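One structure below.
Note that the coordinates shown come from a computational prediction; the quantities given were computed from them, not determined experimentally. Indexing begins at 1, ligand by ligand and atom by atom, following the structure's order. Worth knowing before you read on, the calculation uses all heavy atoms, side chains too, and leaves out hydrogens, waters and symmetry mates.
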Amino acid sequence: MISSTKTDSPRSRSNWLRVLSRFVLCSTLILALSVALKTRSRLSLLLPSFSHHPAVMSYQQERYIAELAVQRACLLTQKVFFEKAKGTVSKDDKSPVTIGDFGAQALIIQAIRKNFPNDEIVGEEEASSLRQDKDLSAEIWRIAKDIKLDDAESDKVLGGPLPSEESMLDIIDQGNSAGGPKGRIWALDPIDGTKGFLRGGQYAVCLGLIVDGDVKVGAIGTPNLPVDDNATIDASTGTQQEGSSTNGILFSAVLGEGATSRPLSTGTLAQSKPISMRPVANIADAVFCEGVEAAHSAQGDNAAVASLLGITAPSVRLDSQAKYCSIARGAGDIYLRLPVKKDYQEKIWDHAAGDILVREAGGQVTDIYGNRLDFSKGRTLAVNKGVVASPKALQDQVIGAVKTVLKL
Ligand SMILES: Nc1ncnc2c1ncn2[C@@H]1O[C@H](COP(=O)(O)O)[C@@H](OP(=O)(O)O)[C@H]1O
Ligand SMILES: [Mg+2]
Ligand SMILES: [Mg+2]
Ligand SMILES: [Mg+2]
């Protein structure tokens, strides 16, 4: 007897085959989608609009461009240093600004403009003094016009060479955003630690992306930090050597995706490794990182906090956001920047990239009261005072000691 429900009839066989082929098709689609999501960073480079889709927005393209732009700017700062191109001007606040600061700002803004034309930029420098000083402008142009990454394709991604001396000045001035709580704003410090740079000590090229007041991406190039995470650093003598492959690190972080580092000179994305802060079981064993310039942070107060916490190891003293970088990779544990002048407002470009790097490496970054740094208030951290950064587990203890010493 032939039943209408018999499963091996030609009709039911073709139904079964149709179900099977749909199943195979769906599985293939799901597999392809998951592969695409996993490799979205690479896809986003091929299809820039892909990374802007809210469902896969993870700032991989921003991180990629920030790393390349910082890497290229470091080539310029190193060239300035080794050519002893010492043109320097004094800003209104008497702080120095060099050919390296101006040139690095021009190259990084060009890269941001090329890739994210609608974003705003808060850059430390502006070109008005260069428009008056034609010799200095010509010297910056002489050096900046030839700077390029070894990899021609990557260099093209950043926009290739700067177009002309005059447009270089205009580009420098595009870092004039007022900042604020809304939109995409890049905070750029073309050379942080200019005094360290001039001394041949530590300095950092720093770039952070702030979106609606919150730091999402950071990249920091430190040409004079040792590649070896455990090497000791002598800040007073400096470590710069021409063509050295033992110095030079590129750090980066994306919110929620961790912090990484790779060698600055030879590094490719593939050589990035995750970094994290050192676990400290007993706070008395912690090592402080602090600045070199006594005018920027109160060293007596820093020492009093260390002693209250029972810390006896000497501080590692470094200019620039190399301090954030050092604690993020476990070469030191606590960064203190206790205020010297009551009315000084920290600048967002001095902290944006370092803040996210340390937080993504397992640390906490606050002001002296224990409040998170607030990047939504314009060009300065107007509602914060000083900076305290340490592994999450230690932060309450450190803030407690800071409050005692500063009588807060
Ligand atoms: N009175 C002050 N207090 C705190 N920071 C100050 C300061 N005067 C200048 N700075 C900032 O300190 C930065 C250097 O920090 P550090 O001392 O940690 O190396 C400088 O960055 P630039 O070198 O980019 O100008 C500058 O913005
Ligand atoms: Mg400066
Ligand atoms: Mg700075
Ligand atoms: Mg600077």
Side-chain angles (χ1 to χ4, degrees), residues 70 73-74 77 80-81 88-105 108 122-130 172 175 186-208 218-225 233 235-236 238 288-302 315-327 332 334-355 357-358 365 367-368 373 375 379-382 384-389 406:
V70 164
C74 288
T77 60
V80 169
F81 187 83
T88 301
V89 287
S90 243
K91 297 207 276 196
D92 293 346
D93 63 0
K94 305 273 185 292
S95 66
V97 52
T98 71
I99 287 173
D101 299 63
F102 289 120
Q105 175 147 329
I108 291 178
V122 171
E124 181 184 358
E125 311 303 346
E126 43 111 15
S128 59
S129 56
L130 300 181
I172 290 171
W186 294 85
L188 164 62
D189 194 337
I191 292 186
D192 183 38
T194 306
K195 290 184 174 167
F197 173 68
L198 288 166
R199 267 191 256 109
Q202 295 302 324
Y203 69 95
V205 175
C206 308
L207 184 59
I220 305 182
T222 52
N224 292 343
L225 271 189
I233 305 153
S236 57
F288 267 28
C289 271
E290 59 176 328
V292 176
E293 295 296 324
H296 298 172
S297 119
Q299 291 169 351
D301 291 339
N302 292 353
S315 308
V316 180
R317 297 184 60 194
L318 310 166
D319 295 282
S320 83
Q321 291 183 56
K323 292 184 278 296
Y324 285 112
C325 300
S326 292
I327 64 168
I334 300 172
Y335 168 22
L336 276 196
R337 189 182 191 83
L338 304 185
V340 176
K341 294 182 196 148
K342 263 216 318 269
D343 56 351
Y344 182 79
Q345 293 188 354
E346 296 285 346
K347 310 297 186 286
I348 62 169
W349 54 80
D350 280 331
H351 301 284
D355 173 87
L357 188 75
V358 164
V365 183
D367 65 6
I368 53 174
L373 303 186
F375 291 91
R379 290 174 69 88
T380 66
L381 296 171
N384 299 112
K385 278 279 165 265
V387 175
V388 179
L406 300 185

task = Decide whether an N or O pair under 3.5 Å exists between I191 and ligand 1.
result = yes

inquiry  = When you compare ligand 1 with D350, is there at least one nitrogen or oxygen pair between them that comes in under 3.5 angstrom?
reply    =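 Among all N and O atoms of D350, at least one is under 3.5 Å from an N or O of ligand 1.
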
ask   = Do you see a donor-acceptor pair shorter than 3.5 Å between the side chains of Y344 and H296?
value = no

Distance under 4.0 Å to a non-hydrogen atom of [X]: what atoms of ligand 1 satisfy this?
| X | answer |
| --- | --- |
| G193 | 22 (P), 23 (O), 24 (O) |
| D189 | 24 (O) |
| A295 | 1 (N), 2 (C), 3 (N) |
| E124 | 24 (O), 25 (O) |
| D319 | 19 (O) |
| S320 | 16 (P), 18 (O), 19 (O) |
| E346 | 4 (C) |
| K323 | 16 (P), 18 (O), 19 (O) |

Shortest-distance N, O or S atom of [X] relative to the Mg ion (ligand 3):
| X | value |
| --- | --- |
| D350 | OD1 |
| D189 | OD2 |
| D192 | OD1 |

Going by an N to O cut-off under 4.0 Å, is there a salt bridge joining [X] and [Y]?
| X | Y | result |
| --- | --- | --- |
| R317 | E293 | no |
| K347 | D189 | no |
| R337 | E346 | yes |

message = Quick test: of every protein heavy atom, which one is nearest to atom 9 (C) of ligand 1, and how far off is it to 0.1 Å?
response = H296 NE2, 3.4 Å

Residue and atom name of the nearest protein heavy atom (relative to atom 6 (C) of ligand 1), distance in Å to one decimal = Y344 OH, 3.1 Å

task = Any chance you could lay out the side chain to side chain donor-acceptor pair (under 3.5 Å) test for S315 and N302, step after step, and finish with the verdict?
result = CA-CA 9 Å; S315 308; N302 292 353; over 6 Å; no

request  = Decide yes or no on side chain to side chain donor-acceptor pair (under 3.5 Å) for T222 and Y203, but give the supporting numbers first.
outcome  = CA-CA 6 Å; T222 52; Y203 69 95; over 6 Å; no

ask   = From E124, does some N, O or S atom reach closer than 2.8 Å to the Mg ion (ligand 3)?
value =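 No, E124 does not qualify, because none of its backbone or side-chain N, O or S atoms lies under 2.8 Å.
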
message = Can you tell me how far apart CD (Q299) and CZ (F288) are? Round to the nearest 0.5 Å.
response = 12.5 Å

ask   = How long is the span from the CG atom in D319 to the CD1 atom in I191, to the nearest 0.5 Å?
value = 12.0 Å

query = Can S320 and Q202 be said to form a side chain to side chain donor-acceptor pair (under 3.5 Å), step by step?
reply = CA-CA 7 Å; S320 83; Q202 295 302 324; 5.9 Å; no

ask   = Do Q105 side-chain atoms and I172 backbone N/O form a donor-acceptor pair below 3.5 Å?
value =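 It does hold such a pair.
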
query = Hey, is the main chain of A298 close enough, under 3.5 Å, to the side chain of D301 for a donor-acceptor pair?
reply = no

task = For atom 5 (N) of ligand 1, state which one of R337, E293, E290 supplies the nearest heavy atom.
result =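 Looking at heavy atoms only, the winner is R337.
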
